[in-house]
Amino acid sequence: MKNGKLRIRPLTFPFTLSLNQVFPPKDDSISLSSALQHYIASDSPSQGQKIHTHLLKIGFIPNTNISIKLIILHIKSGCLSFARQVFDQMSKPTVSAYNYMITGYLKQGHIEESLNLIHKLVFSNEKPDGFTFSMILKLSTTSSNRIPSDIGKQVHTQILKSNVEPDDVLFTALVDSYAKNGKVGYARTVFDMMLEKNVVCSTAMISGYMKQGCVRNAEDIFEKTFDKDTVVFNAMIEGYSKLLETAKRSFEFYIDMQRLNFHPTISTFVSVIGACSVLSAFELGQQVQTQIMKTMFFTDVKLGSALIDMYSKCGRIEDARGIFNHMPEKNVFSWTSMIDGYGKNGNPHKALELFNKMQRELRIKPNYVTFLSALSACGHAGLVAKGWEIFESMERNYSLKPRMEHYACMVDLLGRAGSLHQALEFILGMTEKPGSDVWGALLGACRLHGDVQMAGVAANEIFKLSSDGRPGAYVALSNTFAAAGKWEGVSEVRELMKERGVSKDTGRSWVGTNSGLCGFHVGQKM
DNA sequence: GACGCTCTAA
């Protein structure tokens, strides 16, 4: 029977399908289609995979419709490679076939494969549709160096050129992509173009603003959001939790949302715990932990890692370890939090011990951040040789190309140990152009060892890199002069800062009192 | 015609 000429045979589901029932005439596509549909909609799609096995056995060539259903079936069963086989055998995969495959890869975290398919689609005769565009935009929000950061703009242009009429979802994806790539202005333009703004796009806009520190704008959008839900509250709480100045507001929102009958979720708790670490408010953190224990979230690995981090940032490393030990599931995040905690709490040897343990015994792959924590631990312990060994193992054993932060960490390590010239040599030998963090690490080491001359070199490089008047390097240079007792140097730098219009914000601290947290700055009287 | 959007740890 040819495709399209089908004999209709109604089937009633559910019933137990025997393969012979499905294919009495060899390729009755309607019954085949319904059978596949049945399994796709069922809770056990993998049962339907037998149909594919049977089709292969009898040498059946599926048409487009059947192929797509097979792809959906395999993806739902978690077998991407089978889905891909079907896809590859399609003579002319349709855009929806591409879309299903791309989503499948995306959901399982196979970023590379989804990018490859998008590439393939672009060079095929098929036109990407709204689904494709939204997936590309979604991809632009995951970090991958294969995705250019202006991809949002490119997709935006393509949408305008194509016949795709953007709907709410596509608009939101566009807003989110711009917002996450630091283009809040563009995000806002698209946001304002939407006639009816729902809570989802408001949330995307809010977290974009929060990420840029535009708290007022985020609050403005929040106020105007009428269909508020848990997620938008969480976005506000998360945004507030990042900054010392606003972290207190996280708690207000946390209370507010509950008063309005929105139940806190894992994300809520993670952010609130984050606010506690920013505020070093460990007692508050303990109270939140008690709250968490009352929910079913206490075994969550993200929450566990957040708690480890909170306790170690509050200097309660043993409490952090307690959480770590009791976590039923640990991943690279939890291990890294613990390693980092030991490193920052004056126990670098314990940090390195855990770093070894996770690799040797548990075969957990360290990632960029883990290496950062391990390198920084070496720095604190003054273990230069160990630091080199770890730095080199990144690429050799794990194919992780050191990033700017790792270089900065190595410079810090060498510098702290007093090998300033070796540190400079290391910087000059870098394949990439050293960033201001790298020079900043050298500058810090110069201050430590009173090398005014090299401090000048480092500071100069930082001035060249940051034309935005960032005060850090000036202050560090001035402190270097001060530490070396060269007061004329100090005033020179101060003059230079005035001349270039650089100002340093007044430092502030927080202290817990009976009436809550209280902020104060240098020189302030109670 | 089942595919696409917002908040979550180091």
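Residue numbers start from 1 in every chain, and the chains themselves are labelled A, B, ... in the order their sequence lines are given, proteins ahead of strands.
- Ring orientation note: the planes of A:Tyr368 and A:His406 are tilted relative to one another, at an angle of 30° to 60°.
- Counting non-hydrogen atoms under 4.0 angstrom, A:Val270 reaches the backbone sugars and phosphates but no base.
- Here A:Lys197 lies out of heavy-atom contact (under 4.0 Å) with every strand.
- Just one of A:Arg188, A:Arg216, A:Glu219 meets the side chain to side chain donor-acceptor pair (under 3.5 Å) condition when paired with A:Tyr209; it is A:Arg188.
- Summarising the geometry of A:Lys248 relative to A:Leu279, their closest heavy-atom pair is N-CD1, 4.2 Å, with the distance given to 0.1 Å.
- When heavy atoms are screened at a 4.0 angstrom cut-off, A:Lys107 is found touching the sugar-phosphate backbone but no base atom.
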Given A:His156 and A:Tyr186, is the side chain to side chain donor-acceptor pair (under 3.5 Å) satisfied, shown in steps?
CA-CA 11 Å; A:His156 198 169; A:Tyr186 288 138; over 6 Å; no
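- Counting non-hydrogen atoms under 4.0 angstrom, A:Leu170 reaches a base of the nucleic acid.
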I would like to know whether A:Phe324 and A:Trp335 meet side chain to side chain contact (heavy atoms under 4.5 Å, CB included); could you show each step before the answer?
CA-CA 8 Å; A:Phe324 181 77; A:Trp335 280 88; 3.8 Å; yes
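- Here A:Val232 lies out of heavy-atom contact (under 4.0 Å) with every strand.
- Classified by interplanar angle (parallel below 30°, tilted 30° to 60°, perpendicular above 60°), the ring pair A:Tyr407/A:Phe391 is perpendicular.
- Here the range on DNA chain B touched by chain A, meaning any atom under 4.0 Å from one of its heavy atoms, is B:dG1 to B:dA10.
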